[in-house]
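Predicted model, so just to flag it, every value in this text is computed and none were measured. Residue numbers start at 1 and run along the sequence shown. We count ligands from 1, going down the list as the structure has it; atoms in each ligand are counted the same way.
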Amino acid sequence: MGGRLGFLKWVLLIRVLGCCVEGLGVNWGTMANHKLPPKTIVRMLKDNGIQKVKLFDADQSTMGALAGTGIEVMVAIPNDQLSAMGDYKRAQKWVQRNVTRYNFDGGVTIKYVAVGNEPFLSSYNGSFLNVTLPALQNIQNALNAAGLGESIKATVPLNADVYNSPSNSSYPSAGRFRSDINGLMTEIVQFLSKNNAPFTVNIYPFLSLYGNADFPFDYAFFDGASNPLLDAGTGIQYHNVFDANFDTLVSSLKAVGFGDMPILVGEVGWPTDGDKNANAANAYRFYNGLLPRLAGNKGTPLRPGFIEVYLFSFLDENGKSIAPGNFERHWGIFGYDGQPKFAIDLSGQGQNKLLVGAQDVQYLPQKWCMFNPNAKDLSKLADNINYACTFSDCTSLGYGSSCNNLDANGNASYAFNMYFQVQDQDELACNFQGLATITSQNLSQGTCNFIVQIASSSSTPSFAASFVSLLASMALLFTALLL
Ligand SMILES: *[C@@H]1O[C@H](CO)[C@@H](O)[C@H](O)[C@H]1NC(C)=O
Ligand SMILES: *[C@@H]1O[C@H](CO)[C@@H](O)[C@H](O)[C@H]1NC(C)=O
Ligand SMILES: *[C@@H]1O[C@H](CO)[C@@H](O)[C@H](O)[C@H]1NC(C)=O
Ligand SMILES: *[C@@H]1O[C@H](CO)[C@@H](O)[C@H](O)[C@H]1NC(C)=O
Ligand SMILES: *[C@@H]1O[C@H](CO)[C@@H](O)[C@H](O)[C@H]1NC(C)=O
Ligand SMILES: *[C@@H]1O[C@H](CO)[C@@H](O)[C@H](O)[C@H]1NC(C)=O
C-alpha cells in the first residue's frame with residue numbers, strides 16, 4: 001500500500017516538475033476594454049500548468065471561473081477601498097463576501113489577501129500612508145476571527161521603492177526602508193510576523209533600466225554583467241539587479257529585526273512594447289534567465305533556496321494608465337487575445353517552448369479602419385488622430401516601439417484602427433470627418449500589427465451559475481453515495 005502511494009506521489013511529482021517551476025504564479029489583471037472570458041483564461045492557466053494566480057480584486061466572475069480548479073489565489077483590496085477597511089465591521093464584511101463565501105469544498109483556494117497595491121508609491125503623495133496598516137490589521141483579524149487565519153494570510157504588495165535601491169554607493173547589505181516610512185514599515189513587518197504572513201515585494205529590473213540612462217544594460221538580465229556590483233559590506237558580487245534588489249530587502253528587514261521573514265515576489269516581468277528596451281527579444285532573455293534560476297531554487301546570495309514568484313503579467317491590459325510609461329500596456333506573456341508572444345519555458349528547463357494560447361477565441365470580423373487617401377481637407381487630421389489615440393491605445397507608435405517606423409498615413413491609419421476596434425468596429429467610429437474609411441485588407445506591416453479586436457465577453461458566467469452547477473454535482477455525489 002505504502003509502496004503504491006509512494007509510486008503515485010512520484011508520478012505526481014514528475015508531472016508537476018514537467019510543467020512548471022514549483023510555486024510559480026502569474027498576475028491576472030483585468031484593465032482591458034476587451035477581455036477574454038474568465039473561463040478561457042482559467043483554461044489557459046491549466047493548459048500551461050500554472051497553479052497560482054494573483055488578482056487585483058475579488059471579482060465574482062473571475063472567482064466563479066477559478067472555483068473548483070484548485071488553483072491557489074491571492075485576492076485583493078484595491079487602494080481606493082483601503083480607507084473603508086479601517087472600519088472593522090466593513091473589513092469583516094469584505095472577508096465574508098469575498099473570502100469566506102468561497103471557502104468550501106469545490107470553492108476557491110484562497111491563500112492570500114493583498115491589502116492594497118503598492119500603496120506607498122511616492123507618486124501617490126502619501127495618500128495611503130495612514131490607511132494601509134489599519135486595513136491590513138482589520139482584514140487579518142477578520143480572517144482570524146472567521147477561523148481562516150491559519151491558511152489565509154493578509155499581506156501588502158509593495159513596490160521596491162519602500163527601501164533604498166541598490167547601487168555602488170548603497171549596496172544590498174546596507175539596505176534600509178525609506179526613511180520617511182521606516183516607522184510605518186516596522187509596524188507593518190511586526191504585524192505580518194505576528195501572523196506568520198509573508199512580505200510581498202514587486203521587483204522590476206526593467207524599470208531600473210528605464211529610469212536610469214547610466215544603468216548597465218546586462219545587469220538587468222541574468223546572464224552575467226560585465227561590471228558586477230560589489231557589496232562592500234559582505235564582499236559579495238552581484239551579477240544582476242534582481243538579486244541585489246531582493247537582498248536589499250532582506251537587509252532592510254534584518255535592520256528592523258525580522259531578517260528571516262518570508263518574502264514573496266508579487267510581480268516580476270518584462271514588457272514587450274512601448275519603449276526601446278521593451279520587446280519580445282529582451283523579454284525572452286529576461287524570463288529565460290529568471291525561470292531556470294527559480295527552478296533550480298537558487299535564491300539570492302543572502303537567501304539561497306526557494307522563492308515564491310508571480311510573473312507580471314499573464315495578459316496585456318490596454319486600459320492601464322500610461323503615467324509610468326507607454327510600456328505599461330504590454331506586460332503580458334500573452335497578448336490581448338491570449339496568444340503567446342515569445343517562447344518561454346515555464347518549467348525552467350530552458351527549452352524553446354511556446355506557451356499554450358487561448359482556445360476558441362472569438363474575434364470581430366476581418367475589418368480595419370484606415371486613413372482615406374482621397375481625403376482632401378487635412379487640416380483636422382492631427383485633431384482626429386489625437387482624439388482616436390485618447391480613447392484607444394496608440395502606445396505602439398512611440399519611439400522605439402513596434403509601429404514607430406510607419407509613415408504619416410500609416411500613423412493615421414494605426415490610430416483610426418485602434419479606435420475603430422475599441423468601438424467594436426462600429427461604422428460610425430471609422431469616419432473622422434471623412435478622413436477614414438473601412439477596409440478588409442490587413443494593414444499590418446513589418447513589426448507593426450494592425451489588430452482586429454476580440455469580441456468582448458459580455459455574457460461572462462456568473463458565480464451564481466457556477467454555484468448552481470456545483471449544487472448539481474453535489475446532488476450527483478449524494479446520489480452516488482446513497483446507491
Ligand atoms: C468584494 O470584492 C468586490 C470586487 O473587488 C468588491 O467590489 C466588493 O465591494 C467586495 N465586497 C464587499 C462586501 O466589500
Ligand atoms: C501628487 O502631487 C503631484 C504634484 O503636486 C500631482 O501632480 C499629482 O497629481 C499628485 N498625485 C496624486 C495621486 O494625488
Ligand atoms: C496622516 O496622519 C497624520 C498624523 O495624524 C496627519 O498629519 C496627516 O495629514 C495624515 N495624512 C493623510 C494623507 O491623511
Ligand atoms: C558600479 O560601478 C562600476 C565601476 O564604476 C560600473 O561599471 C557599474 O556600472 C556600476 N554598477 C551600477 C549598478 O551602477
Ligand atoms: C508617427 O507617430 C509617431 C508617434 O506619434 C511620431 O513619433 C512619428 O514622428 C510619426 N511619424 C510620421 C511620419 O508622422
Ligand atoms: C494581419 O497580418 C499580420 C502580419 O502578417 C498577422 O500577424 C495577423 O495575424 C494578421 N491579422 C489578421 C486578423 O489576420
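- The pair D260-K254 fails the salt-bridge criterion, with no side-chain N (NZ, NE, NH1 or NH2) lying under 4.0 Å from an Asp/Glu carboxylate O.
- The shortest N or O to N or O distance between S127 and ligand 2 is not under 3.5 Å.
- Only one option out of F215, Y287, W270 pairs with F221 in a ring pair (Phe, Tyr, Trp, His ring centres under 6.0 Å); it is W270.
- In this structure, E267 contributes its side chain and N202 its backbone to no donor-acceptor pair below 3.5 Å.
- Checked for salt-bridge contact, K341 and D316 meet the test: a charged N lies under 4.0 Å from a carboxylate O.
- At a threshold of 4.0 Å, the pair R178-D161 counts as salt-bridged, since one of the basic side-chain nitrogens sits closer than that to a carboxylate oxygen.
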Measure and list all N/O to N/O distances between ligand 1 and the protein that fall under 3.5 angstrom.
residue  : atom   : partner : partner atom : Å
ligand 1 : 2 (O)  : N98     : OD1          : 3.2
ligand 1 : 2 (O)  : N98     : ND2          : 2.3
ligand 1 : 5 (O)  : A58     : N            : 3.2
ligand 1 : 11 (N) : N98     : ND2          : 3.1
ligand 1 : 14 (O) : R90     : NH1          : 3.1
ligand 1 : 14 (O) : R90     : NH2          : 3.2

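- Without hydrogens or angle criteria, T40 side chain to A358 main chain gives no donor-acceptor distance under 3.5 Å.
- For ligand 3, the atoms closer than 4.0 angstrom to any heavy atom of N130 are 1 (C), 2 (O), 3 (C), 8 (C), 10 (C), 11 (N), 12 (C), 14 (O).
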Enumerate, atom names and distances included, each donor-acceptor pair closer than 3.5 Å involving a side-chain atom of residues 77-87, sequence neighbours excluded.
residue : atom : partner : partner atom : Å
N79     : OD1  : N117    : N            : 2.7
N79     : ND2  : N117    : O            : 3.0
D87     : OD1  : K89     : N            : 3.2

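- Among F286, F206, Y310, the single residue meeting the side-chain contact (heavy atoms from CB on, under 4.5 Å) criterion with V268 is F286.
- Shown in contact with S123 at under 4.0 Å from a heavy atom are these atoms of ligand 2, numbered in order with element: 11 (N), 12 (C), 13 (C).
- Close approach to G126 involves these atoms of ligand 3, each under 4.0 Å from a residue heavy atom: 13 (C).
- Each of the atoms 1 (C), 2 (O), 3 (C), 8 (C), 10 (C), 11 (N), 12 (C), 14 (O) of ligand 2 lies under 4.0 Å from some heavy atom of N125.
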